[in-house]
S.K.: 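Let me give you the structure first, and then I'll get to my questions.
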Amino acid sequence: MLTTIESRDAVTLIQIQEERLDAHNSSDLKGQMLTLFEEGKNNMVVDLQGVRFVDSSGLGALVSGFKNASARNGNLKLCGLQPQVESMFELTRLHRVFEIFPDSTQALDSFQE
Amino acid sequence: MLTTIESRDAVTLIQIQEERLDAHNSSDLKGQMLTLFEEGKNNMVVDLQGVRFVDSSGLGALVSGFKNASARNGNLKLCGLQPQVESMFELTRLHRVFEIFPDSTQALDSFQE
Amino acid sequence: MSESIFLDIKIPNETGYLRLLGKIGEYLAQSLESYPGDREELAYHINLVLTEAMANAIQHTADAKRSEALHVTLRVENRKLTIKVYDQGQGFDFSNLPEPHPSCLAEHGRGIFIIKTLMDRVSYRKYDGGHVLEMEKVLF
Amino acid sequence: MSESIFLDIKIPNETGYLRLLGKIGEYLAQSLESYPGDREELAYHINLVLTEAMANAIQHTADAKRSEALHVTLRVENRKLTIKVYDQGQGFDFSNLPEPHPSCLAEHGRGIFIIKTLMDRVSYRKYDGGHVLEMEKVLF
Ligand SMILES: Nc1ncnc2c1ncn2[C@@H]1O[C@H](COP(=O)(O)OP(=O)(O)O)[C@@H](O)[C@H]1O
Ligand SMILES: Nc1ncnc2c1ncn2[C@@H]1O[C@H](COP(=O)(O)OP(=O)(O)O)[C@@H](O)[C@H]1O
């Protein structure tokens, strides 16, 4: 799972550099997020700009990250959802669980408020 | 076969708007070129910029146009070859038959000389 | 009648091949010129249900069968697309699976729900020592 | 051993399906992670030889067989890709086909030459009332 990980103030930005987020690589993403939690990084933005396809295990990895962040009094927010990816969140009603932003700037800024 | 056909002075520019030029649509291209020859348009540039894939029947259609143009004291030149398409001309040695230009401006200009 | 297509596919029982099969399903859907709906959306959905069904089949393969191929078929006939994904596991109670709750934060349990939502008919039954998940999409 | 893939495909005997099969071949090649060469080039070549072989099979189908499916198989095994394209025509003399002359301006006659150039082994033989063109590419 190719990702770019950057810190901006107290927020970590994870950009996913894979076209597909599926049962083949979702556990790797979960692992990368766990490492960040263990380093005390409890506020995250996951940028899905480059992702064209997500399956239920990809959604599961994001839910796992969200629960971990919440349990540590942090938050995990999403941005950059392509239309087909967005429709997956609607289908599974997960768009009501996550805070979702158009782009990473807006998602990062939202932590300042 | 989707094409854009424009006249520039005495030269006709045919831009092929298909990703594939193969046995499914090459006879259509041949037909479109024949119509132009019948209208007395004997100088042509075929712009392959948008074409990612060409098979032997696509090459055959271009050879047919070249022969028709030559027989009428005209010429048929090519431009915009993508690397994979160019390699097909080399494989079949047809790069020695056609005058090939990087883009349509240069191909059209070559008729002025 | 003329738009009749049949693909019979055997690949290694590994998640690394989900993409290849998903893409094949996607292209198959994109080539269905007589489909009156949104072909790009259909293509995404076929990619997705194939991925979900194969991921389940791979995950639940009995250890003794792990080196055997994963078997998938796709058929277009009489304006209907039928996908079959065969597994070699212990099976599960397909009809009594709980639906995921809207506000549920479970990490698992959305795959079959997605398949049932996107396809017109889905069944699961014993087949030849394993099982087959059969999914149908009406194309008109 | 593990990278063993088998696709058995039946499509309508029409040039409109060349693209679908070409794309499937392309994706199959792109997914061959153990191939040490240029995978994008391999993908183009597989797309191409499939297109050439299927176009010939379609063109030379006997009239009485026109409504039957076109049959193609792709197999990856022991680091070798084998493609078979079945035709239902009168066949031709594969070994004595003239090579196209470099300066030749013929409109036809480059398909088999391309296949022979790009693949490692090509054969053509009778099979079950028709013929099969078998093309092999070594993957290491
Ligand atoms: N092919 C299968 N073989 C055995 N059990 C399966 C299979 N497919 C699904 N299941 C069972 O159904 C449950 C729900 O599957 P699914 O909705 O895909 O969610 P998930 O796979 O994320 O748990 C699984 O947890 C598993 O118990
Ligand atoms: N499947 C086939 N059945 C019968 N004849 C064939 C078949 N494939 C090729 N041929 C013969 O071989 C010749 C050369 O084929 P090819 O190199 O593909 O060029 P083209 O198809 O452009 O003529 C064809 O003209 C045809 O006579």
Side-chain angles (χ1 to χ4, degrees), chain B residues 1-2 16-31 33-34 37 46 48 50-72 74-78 81-99, chain D residues 11-27 29-30 37-61 70 85 87 97-119:
Chain B
M1 153 78 49
L2 263 178
I16 298 183
Q17 314 281 3
E18 303 271 351
E19 208 188 282
R20 279 173 71 98
L21 177 53
D22 67 9
H24 186 54
N25 55 16
S26 59
S27 58
D28 191 355
L29 175 63
K30 248 170 85 170
M33 291 192 294
L34 272 183
F37 288 127
V46 180
L48 296 168
V51 176
R52 302 263 144 198
F53 178 92
V54 65
D55 75 355
S56 67
S57 77
L59 296 173
L62 296 170
V63 168
S64 154
F66 176 81
K67 288 197 293 187
N68 262 304
S70 305
R72 290 156 204 261
N75 203 343
L76 184 152
K77 306 186 183 186
L78 303 175
L81 276 63
Q82 301 290 339
Q84 304 276 33
V85 169
E86 194 171 2
S87 74
M88 285 296 295
F89 282 84
E90 283 160 14
L91 181 66
T92 55
R93 304 210 180 97
L94 287 171
H95 63 304
R96 297 194 194 155
V97 168
F98 292 96
E99 283 183 61
Chain D
I11 48 167
N13 206 326
E14 297 163 18
T15 53
Y17 292 87
L18 294 176
R19 171 196 290 267
L20 171 62
L21 264 272
K23 281 287 180 189
I24 289 177
E26 201 174 298
Y27 266 107
Q30 280 168 354
D38 179 341
R39 252 194 283 164
E40 282 307 314
E41 185 180 85
L42 179 69
Y44 191 91
H45 290 171
I46 298 308
N47 187 345
L48 184 59
V49 301
L50 267 168
T51 302
E52 297 291 348
M54 291 190 298
N56 280 342
I58 292 168
Q59 193 188 338
H60 298 285
T61 302
L70 178 62
V85 175
D87 75 49
L97 217 56
E99 262 207 24
H101 193 269
S103 64
C104 164
L105 284 182
E107 287 174 44
H108 296 282
R110 294 184 183 85
I112 300 288
F113 165 76
I114 289 172
I115 292 172
K116 284 183 174 171
T117 306
L118 298 181
M119 300 298 276

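Chain letters run A, B, ... following the sequence lines, proteins first, then strands; residues in each count from 1. Keep in mind the model is a prediction, meaning the values are calculated, not measured.
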S.K.: Please examine the side chains of D:K23 and B:F53, heavy atoms only from C-beta on, and report whether any two atoms are closer than 4.5 Å.
M.R.: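 A side-chain contact is absent here, since even the closest heavy-atom pair is not under 4.5 Å.
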S.K.: Can you name the nearest heavy-atom pair linking D:Y44 to B:V54, along with the distance?
M.R.: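 Heavy atoms of D:Y44 and B:V54 come nearest at OH-N, 3.2 Å.
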S.K.: Given heavy-atom pairs under 4.5 angstrom as the criterion, report whether the side chain, backbone, both or neither of B:D22 touches chain D.
M.R.: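 Interface part for B:D22: side chain.
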S.K.: Output yes when B:R52 and D:E26 qualify as a salt bridge under the 4.0 Å nitrogen-oxygen rule, no when they do not.
M.R.: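 Answer for the salt bridge query: no.
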S.K.: For the residue pair B:A23 and D:T15, what are the closest heavy atoms and their distance?
M.R.: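 Shortest heavy-atom separation between B:A23 and D:T15 comes out as O-CG2, 4.0 Å.
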S.K.: Which heavy-atom pair separates B:S56 from D:I114 by the least distance, and what is that distance?
M.R.: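 For B:S56 and D:I114, the tightest heavy-atom pair comes out as CB-CD1, 4.0 Å.
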S.K.: Do you know which of B:L62, B:D55, B:N25 has the most heavy-atom pairs with chain D at a distance under 4.5 angstrom?
M.R.: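 Result: the option with the highest number of such pairs is B:D55.
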S.K.: Name all residues meeting the side chain to side chain donor-acceptor pair (under 3.5 Å) criterion together with B:S26; count only those two or more places apart in sequence or in a different chain, and write none if there are none.
M.R.: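 If we apply the side chain to side chain donor-acceptor pair (under 3.5 Å) test to B:S26, skipping adjacent residues, the hits are B:S57.
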S.K.: Please examine the side chains of B:L91 and D:R110, heavy atoms only from C-beta on, and report whether any two atoms are closer than 4.5 Å.
M.R.: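 Sidechains of B:L91 and D:R110: no contact.
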S.K.: Quick one: closest heavy-atom pair of B:R20 and D:G22, and the distance?
M.R.: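 Closest heavy-atom pair between B:R20 and D:G22: NH1-CA, 4.4 Å.
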S.K.: Against chain B, label D:L118 side chain, backbone, both or neither, depending on which of its atoms sit under 4.5 Å from a heavy atom there.
M.R.: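 Answer is side chain: those atoms of D:L118 sit under 4.5 Å from chain B.
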S.K.: Taking only residues two or more places apart in sequence, or in another chain, which ones meet D:E40 in a side chain to side chain donor-acceptor pair (under 3.5 Å)?
M.R.: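 If we apply the side chain to side chain donor-acceptor pair (under 3.5 Å) test to D:E40, skipping adjacent residues, the hits are D:Q30.
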S.K.: Please report the closest heavy-atom contact between D:E107 and B:K30, naming both atoms and the distance.
M.R.: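 Taking D:E107 first and B:K30 second, the nearest heavy atoms are OE1-NZ, 2.8 Å.
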S.K.: Please round to the nearest 0.5 Å and tell me the distance separating atom NE2 of D:H45 and atom CD of B:Q84.
M.R.: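 So the gap between those two atoms works out to 6.5 Å.
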